[in-house]
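This is a predicted model, so every value here is computed, not measured.
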Amino acid sequence: MAFAVARTWDEAQLYLELHPCPDCGSVEAPWEQALVQIDGEPASSYTAVCPGCRAEREYLFGLPAQGTAVQGWPTFGGPEPSEIIDAGQWLDVADTAAADVPTDPVEAGRVLAVARAAVVEVIKFVPAGADAVPEDEFWTPEGQAVRAAEPGRFRLDRLLVTRDAYGELANRIRETGAR
C-alpha cells in the first residue's frame, strides 16, 4: 500500500490544518507524529483526539525517497510538486495568508513568507516547457473550485509575478519595520 508522500514536517502540518475534524469541524488537534510500518512499508503517522468531539483521527503519509533540505521557513518540499496538497489548495493558502497580513513587521514577514512559499509550490506543478498548471493537478474539490473561479491565475507568468510581489512586499515591510 503506497501512501502519498509528505515531503516535510511543514507540509504535513499544513495538510492537517486543511483537514478539519470530519465530525465537528474543529481544526484544533494535539497531533502526535510517529514512524510506523504498515504492511512492511514505512510511513509517518499523525494521530490526535479531537478536543471538540473526542473523535480519534489518524493520517498516514509516505516518506520521501530522499530527505528534503530544510532551508528557511516555511519549507514545504523539495523541487517536486506535492502529492498531498493540490495546486488549487496551495494558491488558496497563499490567498488566505496574503489577505490577512498583520501590522507587526515580524509577523507580517512570516505571513508573507507562507504566501510566497505557497505560490512557489503551485509553480512546481507547471511542467518544464509548459505555460500553466495542467488541469489534472487539481484533484480535490477545494482545489478545483479555486481553479474554476479564475483559471488564468494558474498561468506561469502570473504565478511568477505573484511570487515576486509577495517577496518584495515582505522586504519592504522588513525595511520599514527595521527603522
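Side-chain atoms of Thr8 come within 3.5 Å of backbone atoms of Phe76 as a donor-acceptor pair (strictly under, hydrogens ignored). Remark: the backbone N or O of Thr47 is not paired with any side-chain donor or acceptor of Glu32 at under 3.5 angstrom. Proximity of a side-chain donor or acceptor of Gln89 to a complementary backbone N or O of Asp86 within less than 3.5 Å is detected. Counting only distance, with no hydrogens or angles, the side chain of Lys124 and the backbone of Gly78 share a donor-acceptor pair below 3.5 Å. Using a distance-only test at 3.5 Å, with no hydrogens or angles considered, a donor-acceptor pair links the side chain of Asp104 to the main chain of Val106. Trp90 contributes a side-chain N or O that, together with a main-chain N or O of Ile85, makes up a donor-acceptor pair within less than 3.5 Å.
Two residues are said to be in side-chain contact when any heavy atoms from C-beta on lie closer than 4.5 Å; Phe138 and Phe125 fail this criterion. The closest side-chain heavy-atom distance from Glu142 to Asp92 is not below 4.5 Å. A heavy-atom distance below 4.5 Å is not found between the side chains of Pro81 and Glu121. In this structure the side chain of Leu14 never reaches within 4.5 angstrom of the side chain of Ile84, judged on heavy atoms. At least one side-chain heavy atom of Ser82 sits under 4.5 Å from a side-chain heavy atom of Arg7. Residues Asp100 and Val111 are not in side-chain contact: their nearest non-hydrogen atoms beyond the backbone lie 4.5 Å or more apart. You'll find the side chain of Arg57 reaches within 4.5 Å of the side chain of Trp31, heavy atoms only. For the pair Tyr46/Glu58, no side-chain contact is recorded, criterion being any heavy-atom separation below 4.5 Å from C-beta on.
The nearest pair of heavy atoms linking Pro127 to Ala132 is CD-O, 3.9 Å. Pairing each heavy atom of Ala48 with each of Ala29, the nearest pair is CB-CB, 3.8 Å. Nearest heavy-atom pair across Ala94 and Tyr166 is O-OH, 4.1 Å. Taking each heavy atom of Pro64 and Ala6 in turn, the nearest pair found is CD-O, 3.7 Å.
For the residue pair Ser45/Gln33, the side-chain donor-acceptor check at 3.5 Å is not satisfied. Checked by atom type, the side-chain pair Asp10/Thr75 shows no donor-acceptor distance below 3.5 Å.
Under the 4.5 Å side-chain heavy-atom criterion for ILVMFWY residues, no single connected hydrophobic cluster contains both Tyr15 and Leu63. Residues Leu112 and Ile123 share a single hydrophobic cluster, defined by chaining ILVMFWY side chains whose heavy atoms lie under 4.5 Å apart. Both Val122 and Trp139 sit in one connected hydrophobic cluster of ILVMFWY residues. Membership requires side-chain heavy atoms under 4.5 Å apart, directly or through other members. By the criterion of side-chain heavy atoms lying less than 4.5 angstrom apart, applied directly or through intervening Ile, Leu, Val, Met, Phe, Trp or Tyr residues, Val93 is grouped together with Leu169 in one hydrophobic cluster. Linking ILVMFWY residues whenever their side-chain heavy atoms come closer than 4.5 Å, directly or via other members, places Leu160 and Val114 in the same cluster.
A distance of 11.0 Å separates SG of Cys24 from CZ of Arg54, quoted to the nearest 0.5 Å.
A salt bridge links Arg153 with Asp95: at least one charged nitrogen is closer than 4.0 Å to a carboxylate oxygen.
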